Participant: 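Here it is, the structure, as structure tokens.
Here the structure is a predicted model, which is why all the values come from computation and not from measurement. Whatever order the structure lists them in is the order used to number ligands and atoms, beginning at 1.
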Amino acid sequence: MKIPSADLAAQHKKIAPQLKKACEGVLKRGDFILGKDVAAFEREFAKMCGARFAAGVSSGTDALFLALAALGIGPGDEVIVPAYTFIATAFAVSYTGAQPVFADIDERSYNIAVQGIVRAVSPRTKAIIPVHLYGQPAQMDRIMGIAAGGGIRVIEDAAQAHGARIRMPSGTWKSAGNIGDMGCFSFYPSKNLGGLGDGGMVVTNDGELHKKLLSLRDCGRVSRYEHAEIGYNARLDTLQAAFLRVKLRYLDEWNESRRETAALYAKLLGGIDGLILPYAASDIEHVYHVYAVRFKARSRIISALTKSHIGAIIHYPIPIHLQPAYANSGYKEGDFPVAETVCKEILSLPMFPYMRRRQVEYVAETIKKTLKRG
Ligand SMILES: *Cc1c(COP(=O)(O)O)cnc(C)c1O
């Protein structure tokens, strides 16, 4: 048996005729830039999140960058980001000229630690970017509390968490991305909701920020020929929006399928010494973008999985503060011990919608056999 780390083909096979039809519609209209499907997808995506507004942009990275730009964040400012995430979270801050200030992560959820944020706050802190890593929402109630106390804005990096939900202290459930000032999503093909190319979205309930985002993504335009400020070419393609409208209708089904796979993994791999399974708190709805487990004996497991033709990927082997790109930012090994340990032990097992039961069983068997051999 051969099992890829993710299988987009299984997802697309079922909906290929609808995707072709969506493409034909765009071809016929020829509205390739900010066409009808962009506005329609923005409405539909905002509704899915329970947010008032959404602005389609060119990628998840640009979503984060434009959200920071919309707040006027730039040189001299600091933005707190987790030391353990996809590097684009930090890059978006660097693009503005502001300083990314790293915070350690929580040992169980791998999300930014509340204590880490408290330690990182300074008079220059303008924003916090919690990441809902692997599809598991961060501790938003606590983070919003810290932010409110310090006059700090919150931009959620929900690039891995389309459809994830959090139970707020009031008891109501809210979508990841719809709690902070803005929520940023990526439609990179392998994300829970992915296009057939790059794309991104910023959702917000703030009408002014939304207006600013629409202008910034489209050359700073306020009308066809009038550019209010130095803007960017960072629009979501109509073609991608058309594909994403088709795929959005399946998001719940795909997320449910991911949760079923996660539950099966947990059942088959539970209680094994030297193996830590994902932690899922009761006040969140995880969407398992990634099924990440921890092994002390990671390299042995990786070679066994590879030999058995099972795709296993490390998200992420190097914490951001130790990346060469940030070599000159004054951080060193030992600054964020939890992030550094997790980087050495974490491993993503295959996870994708419609993963078959015997595929999950084969992965679990391979791991168990390897650990038993000791
Ligand atoms: C994918 C991802 C991004 C960047 O999204 P792109 O669309 O690839 O630019 C940012 N943050 C996180 C956590 C991601 O997983």
Participant: Report the C-alpha separation of Cys23 and Phe243 in whole Å, then their side-chain angles, then the decisive distance to 0.1 Å, and conclude whether the side chain to side chain contact (heavy atoms under 4.5 Å, CB included) test is met.
Facilitator: CA-CA 7 Å; Cys23 177; Phe243 293 141; 3.9 Å; yes
Participant: If a pair satisfies salt bridge (charged side-chain N to carboxylate O under 4.0 Å, His left out) and one of its residues is in residues 60-89, list it, with sequence neighbours excluded.
Facilitator: Asp77-Lys126
Participant: Over 60° means perpendicular and under 30° means parallel, so classify the ring planes of Phe65 and Tyr95, tilted if in between.
Facilitator: perpendicular
Participant: Can you pull the ring-ring contact (aromatic ring centres under 6.0 Å, His included) pairs that have at least one residue in residues 107-144, sequence neighbours excluded?
Facilitator: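 Those involving residues 107-144 do not exist here.
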Participant: Give me each pair satisfying salt bridge (charged side-chain N to carboxylate O under 4.0 Å, His left out) with a member in residues 110-125, each pair once, sequence neighbours excluded.
Facilitator: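 For residues 110-125, and leaving out neighbouring residues, there are no salt bridge (charged side-chain N to carboxylate O under 4.0 Å, His left out) pairs at all.
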Participant: Got a sec: does the CZ of Arg142 have more than 12 other heavy atoms crowding it under 6.0 Å?
Facilitator: no
Participant: Pick out the protein N or O atoms lying less than 3.5 Å from any N or O of ligand 1, and list each pair with its distance.
Facilitator:
unit_1   : atom_1 : unit_2 : atom_2 : d
ligand 1 : 5 (O)  : Ser186 : OG     : 3.3
ligand 1 : 7 (O)  : Gly60  : N      : 2.8
ligand 1 : 7 (O)  : Ser186 : OG     : 2.6
ligand 1 : 9 (O)  : Gly60  : N      : 3.4
ligand 1 : 9 (O)  : Thr61  : N      : 2.8
ligand 1 : 9 (O)  : Thr61  : OG1    : 2.5
ligand 1 : 11 (N) : Asp157 : OD1    : 3.4
ligand 1 : 11 (N) : Asp157 : OD2    : 2.8
ligand 1 : 15 (O) : Gln160 : NE2    : 2.8
ligand 1 : 15 (O) : Lys191 : NZ     : 3.0

